[in-house]
Each structure stands twice: as C-alpha cells, then as structure tokens.
Amino acid sequence: MIRIQNLSQSLHGGGHEVKILNNVNLEISSGQFIAITGPSGSGKSTLLGLMAGLDSPTQGSIVLDGHDLTKMNENSLARLRGNKIGIIFQSFYLIPTLTALENVSIPHELNGGNQSEKKAKKLLASLNLTNRLNHYPGQLSGGEQQRLAVARAFINSPKLILADEPTGNLDSQNSRNIINILEELHSKHKVTLVLVTHDQDIASRAQRIIQLRDGRIISDI
C-alpha cells in the first residue's frame, strides 16, 4: 500500500536547517494496522502528513497504491485523497455550520458518490450517532465529535486511514471507545490503518509498531 524511500523533510529559518525526518525508509502492506510512536518532535505527524500528500518532502519518494505522491500536482493529490485516503485529525476539523449528517455526507457528494445521505446515516448509526444527525458539532461531546470525524474519514470507502493522535483530546473511556471503533472498522472494511499515538497501551493493539526518534526509525516491531 505504501512504499517510502529515502524520505527527508527539513525546515529552514534563521540561517539554520532543522531536520524533521532523516532518510526514512518504510513499507506498509495492504490491510495492516500500524502504530507510529515516539516523543514529541520525533516527526510522527510530519510523516503522516507526507503520507497524505498534504506536504512535499525535501527529498525522497512516497508511493501510495502505485501513485508517486511527489510527482503529483495538488489537483491530482486532492482526487487521490478523495478516492483512497481517509484522515482523522486530533482536532477533528468538523465544519461548525453543518449538522453531523451534513459533515459526513458532503465529502461523499463532492467525490461524486450516489445516495450520500443514506450511506452517511448508515455509517453514523453504526457509531451510535443516529440521535445526533441534526446536531451541530458544538452541540456534541468530545467523544461524539471524534466518532463523527471517524465516520467522515470512512464515508468514501478509502483504502487507507491515517489517524493523527485520534484520542489525544479524549478521556480514557472515550479513548478506548474510539480505538475499539477503529479496530472494528479496520477489520470490517479491510483498510490499511496508520495511527500516530504517544499512548503505548493504544500502540500495543496494533499489528506493528514503528518508533521514531529525531526523525529516524529506531525500531519496527
């Protein structure tokens, strides 16, 4: 599903170069559940963003399901994300002026899907949000907002789910609920799941744990 070769990412400022990622090489097979761990500043979120095509690396290549992200323009990357990638952000990024149903169904409509509302309702029902369809994000609890973000990520039936600290803003009970949901959807939809987390208990539930430090992979278990 993903092949990363000689990937580096640097930031320049004040006459200095800061290496965020340093010559990362990684292959992820289709259908795997991967946890990426490491201390703050190790490059976890940067790596996830590059996998999503949200940024361009300083050097190296990222091939996702046969597509080299580093050779694609923004329009092509946007189409690829719509067709193949679901992203779950720690801060949710829900649209506050849209209802729960609209937040989930609109990405499907924009991707040219049919019966978007029907599919969104079915997905929201599977996440126990049927009684929240017409509520706005500000009327939902943190756990409900995160479940809504999960539903939005899965609405286009992606091959790859990228989750950046999806439980970072939740209490322990809601954190467990979200991971249970992700594991269930990963298995049911046979998607590749790559999850960034600092929580070792959550990481231990993955099939494979990749640890970063100072922009390098230091272990792959």
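Numbering starts at 1 and runs along the sequence shown.
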Are any side-chain N or O atoms of Asp164 and backbone N or O atoms of Val196, one a donor and one an acceptor, separated by less than 3.5 Å? no
Does any part of the side chain of Ile181, heavy atoms only, come nearer than 4.5 Å to the side chain of Gln146, both counted from C-beta? no
Any side-chain donor paired with an acceptor under 3.5 Å for Ser204 and Asp201? no
State whether a side-chain donor-acceptor pair under 3.5 Å links Arg205 with Asn180. yes
Criterion side chain to side chain donor-acceptor pair (under 3.5 Å) against Arg132, the qualifying member of Gln139, Glu144, Gln145: Glu144
Return yes if some donor-acceptor pair links the side-chain N/O of Ser8 with the main-chain N/O of Asn23 below 3.5 Å, else return no. yes
Min side-chain heavy-atom separation Ile178-Ile88 under 4.5 Å: no
Taking side chain as C-beta onward, heavy atoms only, is Ser10 less than 4.5 Å from Lys19? yes
Give a yes or no on whether the backbone of Pro166 and the side-chain of Gln90 come within a donor-acceptor separation of less than 3.5 Å. no
Rounding to 0.5 Å, atoms CG (Asn6) and CD1 (Ile62) come to a distance of 12.0 Å
How close do His108 and Ser116 get, counting heavy atoms only, and between which atoms? ND1-OG, 2.7 Å
Here the gap from Ile20 atom CD1 to Leu212 atom CG, rounded to the nearest 0.5 Å, amounts to 12.0 Å
For atom NE2 of His16, is the number of surrounding heavy atoms from other residues, nucleotides or ligands below 6.0 Å larger than 12? no
Euclidean distance, Ile85 CD1 relative to Thr192 OG1, rounded to 0.5 Å: 11.0 Å
Taking Arg216's backbone N and O only, do any of them form a donor-acceptor pair with Asn22's side chain (distance below 3.5 Å, no angle check)? no
Side chains of Leu133 and Leu124: closer than 4.5 Å at any heavy-atom pair? yes
Around Glu183, counting heavy atoms of other residues, nucleotides and ligands shown, do more than 12 lie under 6.0 Å from its CD? yes
Ionic contact status for Glu109 with Lys119, cut-off 4.0 Å: no
For Pro107 and Ile155 the tightest heavy-atom approach is CB-CG2, 4.1 Å
Asp65 side chain near Leu80 side chain, heavy-atom distance below 4.5 Å: no
Do the side chain of Asn83 and the main chain of Arg79 share a donor and acceptor less than 3.5 angstrom apart? yes
So, the side chain of Thr167 versus the backbone of Leu170: is there a donor-acceptor pair under 3.5 Å, distance only? no
Report yes or no: does His186 contribute a side-chain atom to a donor-acceptor pair with the main-chain N or O of Gly31 at less than 3.5 Å? yes
With the side chain counted from C-beta on, respond yes when Ile2 and Leu26 share a heavy-atom pair under 4.5 Å apart, and no when they do not. no
With distance as the sole test, does Ser29 use its side chain to make a donor-acceptor pair with the main-chain N or O of Gln32 at under 3.5 Å? no
Heavy atoms only: give me the nearest Ala120-Val104 pair and the separation to one decimal. CB-CG1, 3.7 Å
Taken to the nearest 0.5 Å, the spacing of Ile34 CD1 from Gln207 CD works out to 7.0 Å
Would you kindly confirm whether Met51 and Tyr93 end up in one hydrophobic cluster when ILVMFWY residues are joined by side chain heavy atoms under 4.5 Å apart? yes
Kindly indicate whether the side chain of Arg208, heavy atoms from C-beta on, has any atom under 4.5 Å from the side chain of Ile28. yes
Okay, side chain of Lys44, backbone of Gly38: is any donor-acceptor separation there less than 3.5 Å? yes
CA sep, side-chain torsions, deciding dist, call: Leu7, Leu47, side chain to side chain contact (heavy atoms under 4.5 Å, CB included): CA-CA 9 Å; Leu7 190 71; Leu47 180 57; 3.8 Å; yes
Less than 4.5 Å apart, any side-chain heavy atom of Leu21 and any of Pro57? no
CG (Leu193) and CD1 (Ile179) are apart, to the nearest 0.5 Å, by 8.0 Å
Could you tell me whether the side chain of Asn156 and the main chain of Gly86 form a donor-acceptor pair under 3.5 Å? no
